[in-house]
S.K.: 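There's a structure below that I have some questions on.
Chain letters run A, B, ... following the sequence lines, proteins first and then strands; every chain starts at 1. Fair warning: this is a prediction, and the values are worked out from it, not measured in the lab.
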There are 2 protein chains.
Amino acid sequence: MRAEALKGHLDGLLLATLEGGPQHGYAIKEALRESTEGHIDLPTGTVYPALHRLERAGLISGSWSVVGGRRRRTYELTAEGRKALSDERDSWQEFAGAVTAALGTRPWPATS
Amino acid sequence: MRAEALKGHLDGLLLATLEGGPQHGYAIKEALRESTEGHIDLPTGTVYPALHRLERAGLISGSWSVVGGRRRRTYELTAEGRKALSDERDSWQEFAGAVTAALGTRPWPATS
DNA sequence: CGCTATAGATAGCGATGCTATGCATGGGAG
DNA sequence: CTCCCATGCATAGCATCGCTATCTATAGCG
């Protein structure tokens, strides 16, 4: 996947991954990789700053813990984050629909 | 539509609009607005630099003409541009599929 | 002891779309 | 006749944001 394609959609993906329950950064990255069959495999230098951004924005809240001698920051969705995720889903539908229409491709998935 | 969402997908949209035949910048902008029912309404400050970029990249070729006293730069797809458009469509399918999967939304369109 | 996986972090960069602004012409409103 | 708007093109400067490269640290395995 082209690197820059993600711009503006990363936040929604992270929020969606946290919807299933609290996770720490590394686990989020892995979960995203697995749920997309390797298509979305974020470098850690993308994940951590993005989580900081989301926390500053109040969409997620983090807390430190120590597991197996390693410190972990576990994040969970805030109420605001759930709202934002819902908005992201709506705007993704709109965006994907508009781009699909403009590109002249069949609505996803193209099975024909 | 959120402004930054377009990042990385603009080129494909412009190329797709030119697929139906040569167009000048302003007409491309209008065609895109109409084909997406107003969802994608690009400011001219986005369109013209993007066209210059595509021309520099050899994906489109432009020529000046004068219509009604106004000068126009009409662009058309090059062979390379057609190839790039095809690639864009593939990568859009892949990207949209991955994001849709990760967001946990139904494949577009969500009619349920 | 070194390598790898796990876990987190940051500086600096580059790409790219947007805002604001400018120029120019033609046509319609007043 | 004059002003404003739509058309048409253009650029400077900005802001955003994901990536690369690099760093720290621990646990476990060979």
S.K.: So with a 6.0 Å cut-off around CD of A:Glu37, is the heavy-atom count from everything else above 12?
M.R.: no
S.K.: When the distance from CZ of A:Arg71 to C1' of D:dA25 is rounded to whole Å, what number comes out?
M.R.: 8 Å
S.K.: Tabulate below the donor-acceptor pairs under 3.5 Å that side-chain atoms of residues 64-71 of chain B make, not counting sequence neighbours, or state none.
M.R.:
none

S.K.: What side-chain donor-acceptor pairs closer than 3.5 Å can you find for residues 11-22 of chain A, not counting sequence neighbours?
M.R.:
residue, atom, partner, partner atom, Å
A:Asp11, OD1, A:Arg53, NH1, 3.0
A:Asp11, OD2, A:Arg53, NH1, 3.1
A:Thr17, OG1, A:Leu13, O, 2.9
A:Glu19, OE1, A:Arg89, NH2, 2.9
A:Glu19, OE2, A:Arg89, NH1, 3.2

S.K.: Under 3.5 Å, which donor-acceptor pairs link side chains of residues 74-87 of chain B to any protein atom two or more places apart or in another chain?
M.R.:
residue, atom, partner, partner atom, Å
B:Thr78, OG1, B:Gly58, O, 2.7
B:Thr78, OG1, B:Leu59, O, 3.1
B:Thr78, OG1, B:Glu80, N, 3.4
B:Thr78, OG1, B:Gly81, N, 3.0
B:Lys83, NZ, B:Asp87, OD2, 3.0

S.K.: What pairs with A:Ser35 under side-chain contact (heavy atoms from CB on, under 4.5 Å), at least two apart in sequence or on another chain?
M.R.: A:Leu32, B:Ala102
S.K.: Tell me, do B:Tyr26 and B:Val47 make a side-chain contact under 4.5 Å, heavy atoms counted?
M.R.: no
S.K.: Using a 4.5 Å cut-off on heavy atoms from C-beta on, say whether the side chain of B:Phe95 contacts that of A:Ile40.
M.R.: no
S.K.: Taking the side chain of A:Lys7 as heavy atoms from C-beta outward, which of C:dA15, D:dG8, D:dC9 is closest to it?
M.R.: C:dA15
S.K.: Within this structure, what is the CG-CD distance for the pair B:Leu103 and A:Gln93, rounded to the nearest 0.5 Å?
M.R.: 8.5 Å
S.K.: Within the pair A:Arg72 and C:dA7, is there a side-chain N or O less than 4.0 Å away from OP1 or OP2?
M.R.: yes
S.K.: Side chain of A:Tyr75: nearest nucleotide among D:dC9, C:dA9, D:dG8?
M.R.: C:dA9
S.K.: Using a strict heavy-atom distance below 4.0 Å, which residues from residues 41-60 of chain B are in contact with DNA chain D?
M.R.: B:Thr44, B:Gly45, B:Tyr48, B:Pro49, B:His52
S.K.: Is there a residue in residues 10-38 of chain A whose heavy atoms reach under 4.0 Å of DNA chain C, and which residues are they?
M.R.: A:His24, A:Gly25, A:Tyr26
